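In the text below, chain A, chain B and the rest are named by the order of the sequence lines, each starting its count at 1. Keep in mind the model is a prediction, meaning the values are calculated, not measured. Excluded from the calculations below are hydrogen atoms, water molecules and symmetry mates; all remaining heavy atoms, backbone and side chain alike, are included.
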Amino acid sequence: MYRIVKKRVLNPTVIWMDIEAPAVARKAEPGQFIILRVDEDGERIPLTVGGYDREQGTVTIIFQVVGATTEKLAHKNEGDCIQDFAGPLGNATHIEGLKKVAVVGGGVGCAIAYPVAKKLHESGCEVHSIVGFRNKDLVILEDEFRACSDKLCMMSDDGSYGTKGLVTNALKELIESGEKYDEVIAIGPVIMMKFVAALTKEYGIKTIVSMNPVMIDGTGMCGGCRLTVGGETKFACVDGPEFDGHLVDFDEAMARSTMYKPFERAKHEETCNLYKEVL
Amino acid sequence: MAKPNMSLVKNPMPSQDPDVRNKNFDEVALGYSAETAQDEALRCLGCKAMPCVSGCPVNIDIPGFIKKIAEGEFEEAYSVISKSSSLPAVCGRVCPQETQCEGKCVRGKKGDPVGIGRLERFAADFHNSNFKGEPEKPVSNGKKVAVIGAGPAGLTCAGDLAKMGYEVTVFEALHLAGGVLVYGIPEFRLPKAIVQREIDGLKAIGVKIETNMIIGKTITVDELFADGFKAVFIGSGAGLPNFMKIPGENLKGVYSANEFLTRVNLMKAYKQGADTPIKQNRNVAVVGGGNVAMDAARSALRLGAENVYIVYRRGEEELPARAEEIEHAKEEGIIFKTLTNPVKINGDENGFVKSVECVSMELGEPDASGRRRPIVKQGSEHTIDVDCVIMAIGTSPNPLIKNTTEGLDTNKWGCIVASEETGLTSREGVYAGGDAVTGAATVILAMGAGKTAAASIDEYLSAK
């Protein structure tokens, strides 16, 4: 069992948790992910590493409540335990040799983009962060991003916070203004990563995206997480989760991610009703 | 001593009715009664040459345990088996006896061989439901050995070493120990309670099992040595599922057999209350002809599919699955489309599988595997309407350990190179066995390799 040592509600649906998992904390790097199971009947879900404290032996996860599993997890409190927590899995973000990078985060994806930006910043790289949310109420990790960014663009779809517009608007403006990036790292909804990659392709800027498909074991065994990258089938768990954004078949990835949507919706509703009954 | 039973036929295995069992996940074969077991045991002639033993990868004293059953000494029969096998209740159920012990039985020259597998299962089940005592915990010799992977190879190796006094820790990547016995082989063929009992038995003799430990990620082989382990056995299994590389394989509704079976078995998707989903299918094509294909097909049927097809590119004779599994699958209503090979999977407008396009095959000259090579019949293209395709065409080794262990040699397929006689790899103190070495094979071969490696590790550490 793995104890929740800290819980922070970042916005109405996004939660930060530090989990006691010393073996994972010893090895975790930005870009990697973990697999967890909340309870005995729980499903295995992948969550990208949001941070780690090697001395305390904790790993940070930041997740949005979207289905039954994340709903159950959100109802756990500091001191409670979760059933399983395994990792770190997948490959770490490559930061070697990067001098100037634009980190683009969208929604809860910012939670994953943040440790990447932080690590780049600590390695002496110039970091321009562009983070976008649907509206003001959903903004997370602004202070954290500010602390590790040489430039920070806050964006919102409805203009209720920062600049009104999409992250691609801001990125395009920066590129047009003459900023020269070694690389763009985009982490967020698949549709956002698709448009960021389409934009940077025009300018010939190498772009890395972090994919988060349906997974079971996370170690290469099930193949459920397969994607088409450069015309070849890749497993996000062992070959990724980060890939060259100019090679990923985003449309296929979006289609595959909807496979269990009706089941997930029904299961989430069922879970929510259970909690209502308890209250 | 009773008279030998000269009947030419094996006592039939009592089983659930095919039309009932194809709708539930309860065990298909119900096991011999004591009377039937004794009657079957009397078919064994106890021949001196013991050809059956030479067919057993772990060399169980087969005539010895069968004699005990004939005499009604069931617990003793179990003791004889357990000297050589650490998972008798499992092997009695999943071994391909027809190509091993029973394939060599002299009674098989005229009529059926002795039902060795069924008798092994009987003895193990008798022990499991009647033995109440505590197993004897061996005296520790203080030497630590790490075993990677809690599947058949790892558990066997761990059990043997623990009995010799080693302090064994098994590291398992998943949340549950058992390997293919829990994620792959379905409940109706191997009840999970039986696997759990075998694992509890190992824990009782001092084997430690650490789940959620992915070797190569959470901790490396070198770090295990640094932590004080004196030898390491790698039994990490075969790993990555193969696909056919045909168009449409990433449509929704195409599964690897590993994914399909893991959802059903390990994650219990067939049960009300489990959080892991599985797609509800009406028509399912399972590509492949091995035991895994049979398991996937029969699971799909039990989940409510109306038509389940086995699509296999060679002929019926070449099906690599156990004879009993093929027979059970047919009884349950699985439709066999042999000499058929998929070339494309078609999807609907929402990206879900709609049909699979196939070609018919005919058999040509034998290929490198000794089996006749299937050749496409011209103009034989045809379409099967399905909403789910399950690829059960084998696996490739997982690279996680190889990539993080310097000096560990692998062959061109990525399998770990290990001596067949000792299990030793290219690294001192590192042994390997099971599917990680051979590629996808059987439970009993993996157990045999685990056993061999345990003996070698003992020899290595005793000499040190």
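Proximity to chain B involves both the backbone and the side chain of A:R44, based on heavy atoms less than 4.5 angstrom apart. Both the backbone and the side chain of A:A23 come within contact range of chain B, each with at least one heavy atom under 4.5 Å from a heavy atom of that chain. Using a 4.5 Å cut-off between heavy atoms, A:R37 contacts chain B through its side chain alone, with no backbone atom that close. With a threshold of 4.5 angstrom between heavy atoms, B:L174 approaches chain A through its backbone and through its side chain. Of the atoms belonging to A:Q32, it is side-chain heavy atoms, and not backbone ones, that fall under 4.5 Å from chain B. Heavy-atom distances place the side chain of A:F235, and not its backbone, under 4.5 Å from chain B. In this structure, chain A has no heavy atom under 4.5 Å from any part of B:E210. Interface remark: B:S236 contributes no atoms to any contact with chain A (heavy atom separation under 4.5 Å). For chain B, the nearby part of A:L227 is the backbone; its heavy atoms alone come within less than 4.5 Å. Heavy atoms of A:T271 lying under 4.5 Å from chain B are absent altogether. Heavy atoms of B:K268 lying under 4.5 Å from chain A are absent altogether. Heavy atoms of B:L261 lying under 4.5 Å from chain A are absent altogether. Residue contact with chain A, scored on non-hydrogen atoms closer than 4.5 Å, involves the side chain of B:F243 exclusively. Of the atoms belonging to B:N398, it is side-chain heavy atoms, and not backbone ones, that fall under 4.5 Å from chain A. With a threshold of 4.5 angstrom between heavy atoms, B:Q280 does not approach chain A through any atom at all.
For the atom pair CE (A:M17) and CZ (A:F85), the distance works out to 10.5 Å, reported to the nearest 0.5 Å. To the nearest 0.5 angstrom, A:D249 atom CG is 14.5 Å from A:K234 atom NZ.
Heavy-atom minimum distance, B:V287 versus B:M244: CG1-SD, 3.9 Å. Taking both residues in full, the closest heavy atoms of A:I35 and A:I216 are given as CD1-O, 3.6 Å, listed atom of the first, atom of the second, then distance. The shortest non-hydrogen separation linking B:L400 to B:I215 is CB-O, 4.2 Å. For the pair B:P186 and B:N265, the tightest heavy-atom approach, listed with the atom from each and the gap, is CA-OD1, 3.2 Å.
With A:Y52 as the aromatic partner, A:R54 meets the cation-pi criteria of under 6.0 angstrom to the ring centre and within 45 degrees of the ring axis.
Between chain B and the residues A:A21, A:G42, A:C222, A:A86, the largest count of heavy-atom pairs under 4.5 Å involves A:C222. Between chain A and the options B:N350, B:N212, B:N258, the largest number of non-hydrogen pairs under 4.5 Å is found for B:N212. Contact tally against chain A (heavy-atom pairs below 4.5 Å) for B:T395, B:V254, B:L266: the top residue is B:V254. The residue among B:N403, B:T211, B:T218, B:T276 with the most heavy atom pairs within less than 4.5 Å of chain A is B:T218. Of the listed residues (A:K27, A:R226, A:E264, A:R26), the greatest number of heavy-atom pairs within a distance under 4.5 Å of chain B belongs to A:R226. When the candidates A:E270, A:E252, A:M259 are compared by the number of heavy-atom contacts under 4.5 Å with chain B, A:M259 comes out ahead. Contact count against chain B (heavy-atom pairs under 4.5 Å) is highest for A:D41 among A:V38, A:T69, A:D41.
The environment of A:K7 atom NZ is dense: over 12 non-hydrogen atoms of other residues, nucleotides or ligands sit within 6.0 angstrom. No more than 12 heavy atoms of other residues, nucleotides or ligands shown are found within 6.0 angstrom of CD on A:E269.
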*asked:* Is there a salt bridge (charged side-chain N to carboxylate O under 4.0 Å, His left out) between A:K72 and B:D275? Walk through the geometry before answering.
replied: CA-CA 11 Å; A:K72 280 201 238 174; B:D275 285 347; 2.5 Å; yes

*Could you walk me through whether B:R263 and B:E259 pass the salt bridge (charged side-chain N to carboxylate O under 4.0 Å, His left out) test, one step at a time?*
CA-CA 6 Å; B:R263 283 180 184 274; B:E259 179 182 359; 3.0 Å; yes

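The aromatic rings of B:F25 and B:Y270 sit parallel to each other, their planes meeting at less than 30°, with 60° as the upper class boundary.
A:D217 and A:T219 are linked by a side-chain donor-acceptor pair at a separation below 3.5 angstrom, with hydrogens and angles left out of the test.
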